[in-house]
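So the structure is just underneath, and the comments pick up after that.
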Amino acid sequence: MKKVLYPGTFDPVTYGHIDIIKRAVNLFDEVIVTVAVNPTKNQLFSTAERVMMLKESLNNYERVSVDSFDGLVVEHAKQVGATGIIRGLRQISDFEFEFQMALMNRKLAGDITTIFLMPHEKYTYLNSTVIRNLASLHADVSDFVPPNVHEALKKKF
Ligand code: ADP
């Protein structure tokens with residue numbers, strides 16, 4: 001039973017994240033999407049809201065679950081019995097940070113492997129910050145986020 005963790009801020013979840021989750025489900029038995037409780041990042045949605053939006057967006061994926069964690073990703077991976085950490089790579093600019101983090105996580109927990117997946121090209125320029133900015137200016141973001149997230153953004157702004 002191959003279980004992997006997909007950690008991130010998901011503020012909010014986009015079709016780019018969901019593309020990565022779909023690819024991970026095709027490769028592994030179980031995918032746990034885990035929302036990082038990160039007080040240093042300025043977040044639009046609370047942890048509970050981010051978890052709820054992910055759950056609503058992923059409710060027809062049987063082998064996907066959603067939780068949250070506060071602390072080290074590798075510790076959370078061990079706690080839930082995951083042997084891999086999934087990360088999305090959109091472009092070269094993601095690489096340096098992701099490479100450093102993957103090596104540090106390997107140093108902390110040598111038996112947990114980071115796996116990088118690439119989304120469809122149409123999502124490579126998409127991130128949650130862009131979505132928050134567009135939504136705050138009342139732009140239509142329905143091509144980039146699931147309908148429940150679109151509604152939640154409309155309510156926020
Ligand atoms: P962001 O604020 O950049 O969306 P997250 O912390 O929510 O960042 O991202 C979690 C993981 O999902 C990271 O590995 C990130 O590279 C990846 N990711 C974010 N957006 C996309 C996308 N559009 N396509 C593929 N992977 C993505």
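It should be emphasised that the depicted structure is a prediction, and the values quoted were computed from it without experimental measurement. First listed ligand is number 1; within each ligand, the first listed atom is number 1.
Ring-plane geometry between Phe95 and Phe99 is classed as parallel, the angle between the planes falling under 30 degrees on a 0 to 90 degree scale with a further cut at 60.
Both the backbone and the side chain of Thr9 come within 4.0 Å of ligand 1, counting heavy atoms alone. The side chain of Arg90, and not its backbone, has at least one atom closer than 4.0 Å to an atom of ligand 1 (non-hydrogen atoms only; side chain from C-beta on).
Close approach to Gly16 involves these atoms of ligand 1, each under 4.0 Å from a residue heavy atom: 22 (C), 23 (N), 24 (N), 25 (C). Counting the atoms of ligand 1 from 1 in the order shown, those under 4.0 Å from a heavy atom of Gly8 are 6 (O), 10 (C). Shown in contact with Pro7 at under 4.0 Å from a heavy atom are these atoms of ligand 1, numbered in order with element: 10 (C). For ligand 1, the atoms sitting less than 4.0 Å from at least one non-hydrogen atom of Asn127 are 3 (O), numbered in the order shown with element in parentheses. Near Glu98, with a cut-off below 4.0 Å to any heavy atom, the atoms of ligand 1 are 14 (O), 16 (O). The distance from ligand 1 to the heavy atoms of Arg87 drops below 4.0 Å at these ligand atoms: 10 (C), 11 (C), 13 (C), 14 (O).
Side-chain atoms of His76 and Asp70 form no donor-acceptor pair, as typed in the model, at a separation below 3.5 Å. Side chain to side chain, Asp67 and Thr34 meet the donor-acceptor criterion of an N or O pair below 3.5 Å. Checked by atom type, the side-chain pair Ser142/Asp140 shows a donor-acceptor distance below 3.5 Å.
When hydrophobic clusters are built by joining Ile, Leu, Val, Met, Phe, Trp and Tyr residues whose side-chain heavy atoms come closer than 4.5 Å, directly or via intermediates, Phe144 is grouped together with Leu58. In the hydrophobic clustering of this structure, Val25 groups with Leu54; members are Ile, Leu, Val, Met, Phe, Trp, Tyr whose side-chain heavy atoms approach within less than 4.5 Å, directly or through other members. Residues Ile32 and Phe28 do not share a hydrophobic cluster, clusters being chains of Ile/Leu/Val/Met/Phe/Trp/Tyr side chains in contact below 4.5 Å.
At the top of the distance list for atom 16 (O) of ligand 1, counting protein heavy atoms only, stands Gly88 O, 2.7 Å. Scanning all protein heavy atoms for the shortest distance to atom 8 (O) of ligand 1 gives His17 NE2, 4.2 Å. Annotation: atom 25 (C) of ligand 1 to nearest protein heavy atom, Pro119 CG, 3.3 Å.
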query: Which is it for Glu98 and Arg87 under the salt bridge (charged side-chain N to carboxylate O under 4.0 Å, His left out) test, yes or no, and what are the steps along the way?
result: CA-CA 8 Å; Glu98 292 291 344; Arg87 297 290 290 174; 2.8 Å; yes
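Side-chain atoms of Asn148 never come within 3.5 Å of backbone atoms of Glu56 as a donor-acceptor pair (strictly under, hydrogens ignored).
Any N or O atom pair closer than 3.5 Å counts here, and Phe10 shares at least one such pair with ligand 1. Here's the thing with Ser128: one of its N/O atoms is less than 3.5 angstrom from an N/O atom of ligand 1. Residue Leu126 has at least one nitrogen or oxygen atom sitting less than 3.5 Å from a nitrogen or oxygen atom of ligand 1, judged on distance alone.
For the ligand labelled ligand 1, residue Met118 lies outside the 4.0 Å heavy-atom shell. Not a single heavy atom of Thr129 sits closer than 4.0 Å to an atom of ligand 1. Between Ala36 and ligand 1 there is no heavy-atom distance shorter than 4.0 Å.
Closest non-hydrogen pair, Val141 versus Ala135, comes out as CG1-N, 4.3 Å.
Salt-bridge check for Lys156 with Glu49: passed, with a basic side-chain N closer than 4.0 Å to an acidic carboxylate O.
By heavy-atom distance, the residue among Phe144, Tyr6, Phe116, Tyr15 lying nearest atom 11 (C) of ligand 1 is Tyr6.
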